[in-house]
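So the structure is just underneath, and the comments pick up after that.
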Amino acid sequence: MALLFSDEEVQQAWTELDEPQLDGGWEFFTETMNVKIYRLYNKETGLYEYKVFGSLTGCAPDLCADVYMDLNYRKQWDSYVKELHEKDYGGQKAIYWEVKYPLPLSNRDYVYVRERRDLDVGGRKICVVLAKSSSVSQCPEKKGVIRVKDYKQSLAMESDGSGGTKVFMNYFDNPGGMIPAWLVNWAAKTGVPAFLTDMKKACSNYSSYCSSSK
């Protein structure tokens, strides 16, 4: 199977754990729960791309990565998931994800590919997860749901040395449709802390979930 992402893309993700790359217009956006968020304005779309730097206390990196990759478990703890599964679309494995949006907004859905790499970098154990939109013709758009065609995410995790996880994430998606910019910005500001809170709780409950689902 061909690799979905290049070694260079993987390296770009994990090196930001050491040296955040914030030249070229990145601006500080907000700080919350041991996490700093920066954003970069995209003139073409009028939207922002985000970089997140911080740590998840009390969650080991292996556990964080396993929880993040487990789609079935995500359906249990993420209240915004309407539908989520990985499927083989004509020889190409891809993930279908429908996200609940509050009324009167239409739900959004994503078709994307992702890859996890567990690296040994000079004795450091680093996990990188990359994801990007995929145009899979065998997964038609649904009526009343807006397809997000421009989505990318890179995530790098390693131990913070005290039982937690040092995290870097780079993220962009264009939700399409007529969503006011203030709402997109508000969602970014409130969504990251809410997701981190949910993720920490999900990590602490993961072993009991795995035991009960055997």
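We're numbering straight along the sequence, starting at 1.
- Proximity of a side-chain donor or acceptor of K166 to a complementary backbone N or O of L17 within less than 3.5 Å is detected.
- Annotation for L63 and C203: closest pair CD2-O, 3.6 Å, computed over non-hydrogen atoms.
- Note that the OG atom of S212 and the CD atom of Q76 stand 7.5 Å from one another [nearest 0.5 Å].
- Here the side chains of L71 and H85 are not in contact, with every heavy-atom distance at 4.5 Å or above.
- Considering all non-hydrogen atoms of both residues, P61 and G164 come closest at CD-O, 3.8 Å.
- Ring geometry for W97 against Y151 counts as perpendicular: the plane angle is over 60°, on a 0 to 90° scale with 30° as the lower cut.
- For the pair R116/D66, a side-chain contact is recorded, criterion being any heavy-atom separation below 4.5 Å from C-beta on.
- For K142, the NZ atom is densely surrounded, since the number of other residues' heavy atoms within 6.0 Å is greater than 12.
- Within the model, atoms CH2 of W14 and CG of L155 stand 15.5 Å from one another, a figure rounded to the nearest 0.5 Å.
- Residues L105 and I146 do not share a hydrophobic cluster, defined by chaining ILVMFWY side chains whose heavy atoms lie under 4.5 Å apart.
- For N107 (side chain) and Y101 (main-chain N/O), a donor-acceptor pair under 3.5 Å exists by modelled atom type.
- Using a distance-only test at 3.5 Å, with no hydrogens or angles considered, no donor-acceptor pair links the side chain of T165 to the main chain of L56.
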Open item on the list: As a quick check of understanding, evaluate side-chain contact (heavy atoms from CB on, under 4.5 Å) for D7 and R117, giving each step before the final call.
Closed with: CA-CA 10 Å; D7 291 343; R117 301 236 200 131; 2.8 Å; yes

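- Atom NZ of K87 sits in a sparse spot, with 12 or fewer heavy atoms from other residues, nucleotides or ligands closer than 6.0 Å.
- Side-chain contact of K100 with S79: a donor-acceptor pair under 3.5 Å is absent, judged by distance alone.
- For the pair Q21 (side chain) and E19 (backbone), a donor-acceptor distance under 3.5 Å is present.
- Summarising the geometry, atom OG1 belonging to T32 is positioned 8.0 Å from atom CG belonging to L196; distances are rounded to the nearest 0.5 Å.
- Within the 4.5 Å cutoff, the side chain of F172 has no heavy atoms near those of the L40 side chain.
- Electrostatic pairing of D62 and K125 counts as a salt bridge here, judged by a charged N lying under 4.0 Å from a carboxylate O.
- Nearest heavy atoms, G144 versus S106: O-CB, 3.5 Å.
- Annotation: salt bridge (Lys or Arg N to Asp or Glu O under 4.0 Å) contacts involving residues 30-41, sequence neighbours excluded, comprise E27-R39.
- Using a 4.5 Å cut-off between side-chain heavy atoms of Ile, Leu, Val, Met, Phe, Trp and Tyr, with links allowed through other members, V145 and I179 fall into different hydrophobic clusters.
- Atom OH of Y80 has 12 or fewer neighbouring heavy atoms from other residues, nucleotides or ligands inside a 6.0 Å radius.
- For the atom pair OG of S134 and OH of Y112, the computed distance is 11.5 Å after rounding to the nearest 0.5 Å.
- Nearest heavy atoms, A94 versus V111: CB-CG1, 4.0 Å.
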Open item on the list: With salt bridge (Lys or Arg N to Asp or Glu O under 4.0 Å) as the criterion, how do R114 and E86 come out once you've worked through the C-alpha distance, each side chain's angles and the decisive distance to 0.1 Å?
Closed with: CA-CA 10 Å; R114 72 170 178 180; E86 189 167 26; 5.4 Å; no

Task: Verdict with supporting geometry, D198 and D78, side-chain contact (heavy atoms from CB on, under 4.5 Å) - done: CA-CA 7 Å; D198 290 347; D78 186 342; 5.6 Å; no

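- Side-chain rings of Y48 and W26 stay apart, their centers remaining 6.0 Å or farther from each other.
- L119 places a side-chain heavy atom less than 4.5 Å from the side chain of V128.
- The only member of I95, L4, L130 that meets side chain to side chain contact (heavy atoms under 4.5 Å, CB included) when paired with V113 is L4.
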TODO: Could you walk me through whether F28 and L22 pass the side-chain contact (heavy atoms from CB on, under 4.5 Å) test, one step at a time?
DONE: CA-CA 9 Å; F28 177 74; L22 296 169; over 6 Å; no

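- At distances below 3.5 Å, at least one donor-acceptor pair connects side-chain atoms of K75 with backbone N or O atoms of L84.
- Put simply, the side chain of Q138 does not reach to within 4.5 Å of the side chain of Q92, judged on heavy atoms.
- Scanning all heavy atoms of the two residues, the minimum distance from V67 to A202 falls at CG1-CB, 4.0 Å.
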Task: Worked verdict on F168 versus S154 for side-chain contact (heavy atoms from CB on, under 4.5 Å) - done: CA-CA 8 Å; F168 162 71; S154 57; 4.2 Å; yes

Task: Residue pair Y38, F29: steps toward the ring-ring contact (aromatic ring centres under 6.0 Å, His included) verdict - done: CA-CA 5 Å; Y38 294 82; F29 179 46; 9.8 Å; no

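- Rounded to the nearest 0.5 angstrom, E83 CD and E98 CD are separated by 6.0 Å.
- The salt bridge (Lys or Arg N to Asp or Glu O under 4.0 Å) test with E141 singles out one residue from K149, R147, R108, and that residue is K149.
- The only member of W77, Y50, Y171 that meets ring-ring contact (aromatic ring centres under 6.0 Å, His included) when paired with F195 is W77.
- Judged by distance alone, the side chain of Q153 and the main-chain N or O of M169 form no donor-acceptor pair under 3.5 Å.
- For D160 against S55, the heavy-atom pair with the smallest separation is OD2-CB, 4.2 Å.
- From Q12, atom CD reaches atom CD of E16 across 8.0 Å, with rounding to the nearest 0.5 Å.
- The shortest side-chain heavy-atom distance between R124 and D18 falls under the 4.5 Å cut-off.
- Cation-pi contact between K132 and F5: present, with separation from the ring centre below 6.0 Å and deviation from the ring axis of at most 45°.
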